[in-house]
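In what follows, every heavy atom counts, from backbone to side chain, and hydrogens, waters and symmetry copies are set aside. Counting starts at 1 for both ligands and their atoms, following the listed order.
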Amino acid sequence: MGTRGSKDVLYLGIDAGTQSIKASVYDGAMQLVQERAVKFDEELPQYGTRAGMIVEDEAAGVVRSPVFMWVEALEIALERLAQAVDMSSIVAVSGSAQQHSSVWWRAFPTSFDPNERLVEQLRAQKAFSTELSPIWADSSTSEEVKSAEERVGGAAAMQQLTGSVGTERFTGNQIARMAKRHPEIYKDTERVMLLSTALTSLFLGRPAATEAGDAAGMNMMQLDKNVWLDDLEDVFDAPGLADKAGDLCEANANLGSVSDFMVKRFGFSPSCQVAAFTGDNLATLVGCVDRANDVIVSLGTSDTVLSQQPTRKQVNQAALVFPHPTDQALYMIMICYKNGGAVRNDEKGKDHKWSEVDEILLADADENEPDVICIFFPHKEIAPRPMDACERAFRIDNGEEVDVASLSWRQRVRGLILARALSIKTHLEDCKSSYDRVVITGGGSNSKGIPAVFRQVLGVPVFTSQQADGASRGAALKAMLAVDKAPKGHAILSERPESANFAQVPATDLYRKIEAQL
Ligand SMILES: Nc1ncnc2c1ncn2[C@@H]1O[C@H](COP(=O)(O)OP(=O)(O)O)[C@@H](O)[C@H]1O
Ligand SMILES: O=C(CO)[C@@H](O)[C@H](O)COP(=O)(O)O
């Protein structure tokens, strides 16, 4: 018998983002029941991350995150949740994780002791061959990308085969770098998994297969067949990779019951099912799409623009193609800006509140402090094409460059959000012939001001998801789908009627000229 619609059953959606892990419980009508989050920098300062990341080498683009921090945060989130909800009513769990990031298992434990903390057990067993995992923000693999592309016949061939051109943060290239520069770690690794797969495995208590949606973010999977590349080991110059990568599974796979450890430690029912976890952007799409044509803008640590379509048609090399996370007849198209929420955090600074940012964004234009377009990339940007790090500003009427040192904080804040909205508008002009509304989600959707800027710049109605974290909602929906085929379109959206008041919205042609000189 189906369970959807019942309020007696619960579904758990985990979202392991760059800066925090969230665990959200929904009832059978997909109403949020409880949510618990663990913020890495604030609550687990012993790991020394900034925005959840450790920049090991800025110049070389080496960015890592501590794998034990992820495990510990998951454990704390589940402990907190268990104090708030009846965990035995959860009939299925699924999750999402920052894409491309990898977990390097030296040996997956053969058993877990319910009387011990997970993090301590994994430490004691030396479960990981490296404690610092390469993550999506890493851009250190340009050599490996070039080599992998050459081996499959060039960038276009890689795009045709895998859905994306060779991409620095994609896991296959990260694995190739590890095999070359740290062969001792590579050799000592039994399984290398996406973070989403590693979390699935922790719920199952055994190594899981990799979900095809997230696997498309590795440059390792043949997109239309959902199987690994035939010559995986040659392409990435990584002996034994086929074994280390494990199996693939389809997006909606139900992988079985939670482990005995999960039952005894957190109170899950032994019959609670684990649906394959996916990438956070894929889950966000599931959690936020209400109408087929909706464009989703996720303002997390990165900013992404997501849409779904029935063909794999791409407009440019920045557009990455993934199998849809729930509907096999569709594809997800994504672009990802690296300089997103973490840059906005820095611009806000510790001395200001988000409400002050909102006030500035919603204020009228002021001719004494004319609005400008601010391109602030503390890190090399990856969308809509690779661009060097820079801090530059341009007039909104004619695109002339302005001295950044002369700008007030107000001009910087307004200019930063204006630039992102303009970049997204030009990208949407390139790739969608028609879109009539935009849904904003992720931490940035808590803002009053940012949706208003998007509304004025894009000129279409702007909505936000009921809950800022669309990804954990999408994950819970995936859990529901794996045990009970639910209809699509569960997003609960609210329109954000306020518009910002820039004196003029720069033409996209002007913005294109600015972006072309970066
Ligand atoms: N009120 C707010 N106004 C603007 N941005 C906000 C607000 N609250 C949170 N954020 C943004 O949300 C980001 C975190 O978003 P989140 O989706 O949780 O990230 P991730 O999934 O990458 O961990 C922060 O970097 C910050 O920029
Ligand atoms: O690299 C990508 C997508 O390709 C990023 O979007 C990561 O998936 C991180 O997501 P957030 O933590 O910013 O939500």
- Answer yes or no for R496 and F463: cation-pi contact, defined as NZ/CZ to six-membered ring centre under 6.0 Å and angle to ring axis within 45°.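 No, R496 does not sit over the ring of F463.
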Among all the protein's non-hydrogen atoms, which is closest to [atom], and how far away is it?
{"atom": "atom 2 (C) of ligand 2", "value": "C336 SG, 3.5 Å"}
{"atom": "atom 18 (O) of ligand 1", "value": "K22 NZ, 2.9 Å"}
{"atom": "atom 14 (O) of ligand 2", "value": "D280 OD2, 2.9 Å"}
{"atom": "atom 22 (O) of ligand 1", "value": "T301 OG1, 2.5 Å"}
{"atom": "atom 12 (O) of ligand 2", "value": "T18 OG1, 2.5 Å"}
{"atom": "atom 2 (C) of ligand 1", "value": "W354 CG, 3.3 Å"}

- Item | Atoms in ligand 2 with a heavy atom of R169 nearer than 4.0 Å |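 That gives atoms 1 (O), 2 (C), 3 (C), 4 (O) of ligand 2.
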- Would you mind running through ligand 2 and noting each atom that sits below 4.0 Å from a heavy atom of Q99?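 So the atoms of ligand 2 that pass are 3 (C), 7 (C), 8 (O).
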Does ligand 1 come near enough to [X] that some N or O of the ligand is less than 3.5 Å from an N or O of the residue?
{"X": "G443", "answer": "yes"}
{"X": "S302", "answer": "no"}
{"X": "N345", "answer": "yes"}
{"X": "D15", "answer": "no"}
{"X": "Q19", "answer": "yes"}

- Message: How about CD on Q328, more than 12 heavy atoms from neighbouring residues, nucleotides or ligands closer than 6.0 Å, or not?
- Response: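 Not buried by this count: 12 neighbours or fewer within 6.0 Å.
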- Would one find more than 12 heavy atoms of other residues, nucleotides or ligands at under 6.0 Å from atom NZ of K180?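 Yes, enclosed.
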- Task: Could you check which of G17, G52, S447 puts a non-hydrogen atom nearest to atom 3 (N) of ligand 1?
- Result: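 Residue with the shortest heavy-atom distance to the ligand atom: S447.
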- Message: Quick test of your reading of the structure: of G17, A137, S302, whose heavy atom lies closest to atom 5 (C) of ligand 2?
- Response: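 Looking at heavy atoms only, the winner is S302.
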- Among I360, L299, L361, the one residue meeting side chain to side chain contact (heavy atoms under 4.5 Å, CB included) with I417: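 One option only clears the test, and that one is L361.
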Does ligand 2 have a heavy atom under 4.0 Å from the side chain of [X], from its backbone, from both, or from neither?
{"X": "M334", "value": "side chain"}
{"X": "L320", "value": "neither"}
{"X": "T301", "value": "both"}
{"X": "T304", "value": "side chain"}

Find the distance between [atom1] ([X]) and [atom2] ([Y]) and round it off to the nearest 0.5 Å.
{"X": "H182", "Y": "W104", "atom1": "NE2", "atom2": "CH2", "result": "10.0 Å"}
{"X": "T284", "Y": "D15", "atom1": "OG1", "atom2": "CG", "result": "6.5 Å"}
{"X": "T189", "Y": "M178", "atom1": "OG1", "atom2": "CE", "result": "7.0 Å"}
{"X": "S499", "Y": "L362", "atom1": "OG", "atom2": "CG", "result": "9.0 Å"}
{"X": "D388", "Y": "L518", "atom1": "CG", "atom2": "CG", "result": "9.5 Å"}
{"X": "K353", "Y": "K348", "atom1": "NZ", "atom2": "NZ", "result": "9.5 Å"}

- Please identify each residue that fulfils salt bridge (Lys or Arg N to Asp or Glu O under 4.0 Å) with E495, with sequence neighbours left out.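 Counting only residues at least two positions away or on another chain, E495 forms a salt bridge (Lys or Arg N to Asp or Glu O under 4.0 Å) with R455.
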Under 4.0 Å from a heavy atom of [X]: which atoms of ligand 1 are those, numbered in the order shown and with their elements?
{"X": "G341", "answer": "25 (O), 27 (O)"}
{"X": "G444", "answer": "5 (N), 6 (C), 10 (N), 11 (C), 12 (O)"}
{"X": "S20", "answer": "23 (O)"}
{"X": "N446", "answer": "1 (N), 2 (C), 7 (C), 8 (N)"}
{"X": "G442", "answer": "17 (O)"}

- Do H100 and ligand 2 have an N or O pair less than 3.5 Å apart?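 By distance alone, the answer is yes.
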- Compute the shortest N/O to N/O distance between N281 and ligand 2 and return yes if it is under 3.5 Å, no if not.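 Yes; the residue has a nitrogen or oxygen that sits under 3.5 Å from a nitrogen or oxygen of the ligand.
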- Would M334 and L282 count as a side chain to side chain contact (heavy atoms under 4.5 Å, CB included) if you check the C-alpha gap in whole Å, the side-chain angles of each, and the deciding distance to 0.1 Å? CA-CA 9 Å; M334 170 174 81; L282 294 134; over 6 Å; no
- Would you please classify the geometry between the F128 ring and the F68 ring as parallel, tilted or perpendicular, with 30° and 60° separating the classes?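 Rings of F68 and F128: perpendicular, as their planes differ by over 60°.
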- Task: Kindly determine whether Q99 and W136 satisfy side chain to side chain contact (heavy atoms under 4.5 Å, CB included), including the steps that lead there.
- Result: CA-CA 6 Å; Q99 293 193 257; W136 67 273; 5.6 Å; no
Pairs of donor and acceptor atoms involving the side chains of residues 74-83, under 3.5 Å and at least two apart or interchain, shall be tabulated with distances.
| unit_1 | atom_1 | unit_2 | atom_2 | d |
| --- | --- | --- | --- | --- |
| E75 | OE1 | L118 | N | 3.4 |
| E75 | OE1 | V119 | N | 3.3 |
| E75 | OE2 | L118 | N | 2.4 |
| R80 | NH1 | A37 | O | 3.0 |
| R80 | NH1 | E43 | OE1 | 3.0 |
| R80 | NH2 | E43 | OE1 | 2.6 |

